[in-house]
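Computed from heavy atoms alone, side chains included, the values below leave out hydrogens, waters and symmetry copies.
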Amino acid sequence: MKVSIYSNDGQASRKVATALHQGLVAGGVEIDSLNPDIVVTVGGDGTLLSAFHHYSDRLDKIRFVGIHTGHLGFYTDWRDYEVQALIQSLVQDNGQSVSYPLLTIRVDYADGTQPDQALALNESTIKKVSGTMVADVYIKDEFFESFRGDGLCISTPTGSTAYNKSVGGAVINPRFNAIQMAEIASINNLVFRTLGSPLIIPDDEWIRIEPVKSAGNVLMCDQLSIEGRPIKAITYRIAQQRISFAEYRHTHFWQRVETSFIGRERL
């Protein structure tokens with residue numbers, strides 16, 4: 001088995017990454033950042049998102065494990081003081097895993113240039129640089145509504161606990177193959193009207209957003225951004241690819257939600 005250690009630049013993370021490297025080598029595990037079987041991220045959810053995009057062309061071949069060295073991470077199962085226990089789990093690995101759905105994004109440009117394709121683990125947002133964003137929303141190629149407001153957020157089930165939740169979206173268990181669209185500060189009055197609530201669609205449907213004005217929009221895909229290009233349409237679907245995590249001690253989804261957002265002491 002080959003392992004890649006993907007760390008952020010923080011002092012605590014570097015210390016953990018060094019200890020992990022030394023322990024794995026001593027345990028006979030090969031360190032390989034080019035063609036790994038398992039990617040261990042050291043840092044937090046941002047570090048894992050970065051690793052996900054770095055290895056996005058190898059998702060069918062790798063599993064992820066996260067160690068968090070700061071605040072509690074939603075994707076990171078292991079704490080920085082549990083390095084030795086994780087090393088033992090990696091040495092004894094038998095291939096166990098759990099997988100989550102991803103979001104695929106196609107961006108068509110008004111100037112006719114080559115469309116872009118991207119994957120998101122959490123979400124994608126479309127906003128206007130200044131002023132109100134106006135966009136037509138289609139579901140499965142049928143017109144649904146004209147949106148006016150700050151923007152729209154389209155998320156995966158695991159991403160439903162991220163930006164989606166902060167704008168009033170629902171939290172979805174990742175056992176569901178679904179994507180969610182949540183409005184960001186929509187305008188609803190006697191003249192303009194949108195659904196005004198989160199929208200969840202199954203994996204055999206898709207969402208297409210067509211900005212009325214192609215210029216001045218910013219498209220985010222997790223931590224990545226596209227701006228300064230005239231966007232004609234963005235199409236969102238559940239991706240065929242999935243992200244897999246090594247299930248040594250993978251925390252149950254609702255336990256993650258409770259720990260991250262409620263945090264009460266268990267009796």
Side-chain angles (χ1 to χ4, degrees), residues 46 49-60 101-156 159-160 162-164 166-167 169 178-188 191-196 198-243:
L49 277 171
S50 179
F52 160 74
H53 286 284
H54 182 79
Y55 290 102
S56 61
D57 61 339
R58 292 181 50 82
L59 294 179
D60 60 334
L102 301 169
L103 181 67
T104 184
I105 304 144
R106 174 189 167 104
V107 188
D108 291 291
Y109 297 104
D111 58 8
T113 54
Q114 184 71 21
D116 280 329
Q117 299 274 357
L119 283 174
L121 174 57
N122 273 352
E123 78 275 309
S124 171
T125 61
I126 174 70
K127 298 180 180 180
K128 196 164 182 61
V129 174
S130 61
T132 300
M133 187 186 85
V134 182
D136 291 333
V137 178
Y138 295 80
I139 299 175
K140 208 173 179 180
D141 291 335
E142 292 189 10
F143 177 76
F144 180 72
E145 68 178 12
S146 287
F147 172 85
R148 287 170 173 80
D150 284 359
L152 292 164
C153 173
I154 293 82
S155 61
T156 66
S160 69
Y163 186 46
N164 167 79
S166 71
V167 297
I179 59 176
Q180 178 173 186
M181 183 180 77
E183 299 177 357
I184 306 170
S186 60
I187 298 173
N188 281 288
V191 179
F192 307 121
R193 180 63 56 189
T194 64
L195 182 63
L199 182 69
I200 300 169
I201 72 166
D203 58 358
D204 61 346
E205 297 185 356
W206 56 93
I207 296 172
R208 189 173 81 252
I209 299 171
E210 297 183 356
V212 171
K213 293 184 178 180
S214 60
N217 300 296
V218 177
L219 176 65
M220 297 293 297
C221 173
D222 287 338
Q223 303 163 320
L224 311 175
S225 67
I226 296 174
E227 55 184 309
R229 300 188 65 184
I231 296 174
K232 178 182 178 181
I234 313 114
T235 305
Y236 299 96
R237 301 173 185 263
I238 284 288
Q240 293 183 346
Q241 306 98 313
R242 293 172 69 90
I243 184 172

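- The line from CG of Leu121 to CZ of Arg242 is 11.5 Å long, rounded to the nearest 0.5 Å.
- Between Gln180 and Pro198, the shortest heavy-atom contact is OE1-CB, 3.3 Å.
- No side-chain heavy atom of Phe147 sits under 4.5 Å from any side-chain heavy atom of Ile187.
- Between Phe52 and Asp222 there is a side-chain heavy-atom pair separated by less than 4.5 Å.
- Pairs passing the side-chain hydrogen bond (donor to acceptor under 3.5 Å, both in side chains) check and including a residue from residues 131-140, sequence neighbours excluded, read Asp136-Ser146.
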Can you check side chain to side chain contact (heavy atoms under 4.5 Å, CB included) on Asn122 and Leu49, steps first, answer last? CA-CA 8 Å; Asn122 273 352; Leu49 277 171; 3.7 Å; yes

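- Distance alone, capped at 3.5 Å, is enough to place a donor-acceptor pair between the Lys128 side chain and the Ala215 backbone.
- For the atom pair CE (Met220) and NZ (Lys127), the distance works out to 8.5 Å, reported to the nearest 0.5 Å.
- Between the CE atom in Met181 and the CD1 atom in Ile126 there is a gap of 13.0 Å [rounded to 0.5 Å].
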Can you list the steps and then say if Leu103 with Ser155 is a side chain to side chain contact (heavy atoms under 4.5 Å, CB included)? CA-CA 7 Å; Leu103 181 67; Ser155 61; over 6 Å; no

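- Screening Leu102, Ile201, Thr104, Asp203 for a side-chain contact (heavy atoms from CB on, under 4.5 Å) with Ile179, the sole residue that qualifies is Ile201.
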Would you please test Glu205 and Ile139 for side chain to side chain contact (heavy atoms under 4.5 Å, CB included) and show each step? CA-CA 7 Å; Glu205 297 185 356; Ile139 299 175; 3.8 Å; yes

Return all side-chain donor-acceptor pairs below 3.5 angstrom for residues 226-235, not counting sequence neighbours, or 'none' if the list is empty.
from: Arg229; atom 1: NH1; to: Tyr109; atom 2: OH; distance (Å): 3.4
from: Arg229; atom 1: NH1; to: Asp116; atom 2: OD2; distance (Å): 3.3
from: Arg229; atom 1: NH2; to: Thr113; atom 2: OG1; distance (Å): 3.0

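- The nearest pair of heavy atoms linking Glu123 to Ala162 is OE1-CB, 3.5 Å.
- For the residue pair Ile200 and Ala178, the shortest heavy atom distance occurs at CG2-CB, 3.9 Å.
- When only modelled atom types and interatomic distance are considered, Glu183 and Thr194 share a side-chain donor-acceptor pair under 3.5 Å.
- The two residues Gly169 and Ala182 come nearest to each other via the heavy atoms CA-CB, 4.3 Å.
- The ring pair (Phe, Tyr, Trp, His ring centres under 6.0 Å) test applied to His53 returns no partner, not counting sequence neighbours.
- Smallest separation of non-hydrogen atoms from Cys221 and Ile105: SG-CD1, 3.6 Å.
- At a threshold of 4.5 Å between non-hydrogen side-chain atoms, the residues Ile184 and Leu152 do not count as touching.
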Side chain to side chain contact (heavy atoms under 4.5 Å, CB included) for Ser50 and Gln223? Distances and angles first, verdict last. CA-CA 8 Å; Ser50 179; Gln223 303 163 320; 3.9 Å; yes

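- In terms of the side chain to side chain contact (heavy atoms under 4.5 Å, CB included) criterion, residue partners of Asp141 (sequence neighbours excluded) are, by chain and number, Trp206, Arg208.
- In this structure Asp108 satisfies the salt bridge (charged side-chain N to carboxylate O under 4.0 Å, His left out) test together with Arg106, sequence neighbours excluded.
- In this structure, Gln241 and Leu119 approach most closely via the heavy-atom pair NE2-CD1, 3.8 Å.
- Take Asp57 and apply the salt bridge (charged side-chain N to carboxylate O under 4.0 Å, His left out) test, not counting sequence neighbours, and it matches no residue.
- A heavy-atom distance below 4.5 Å is not found between the side chains of Leu224 and Leu219.
- The closest side-chain donor-acceptor pair between Tyr163 and Thr125, if any, does not fall under 3.5 angstrom.
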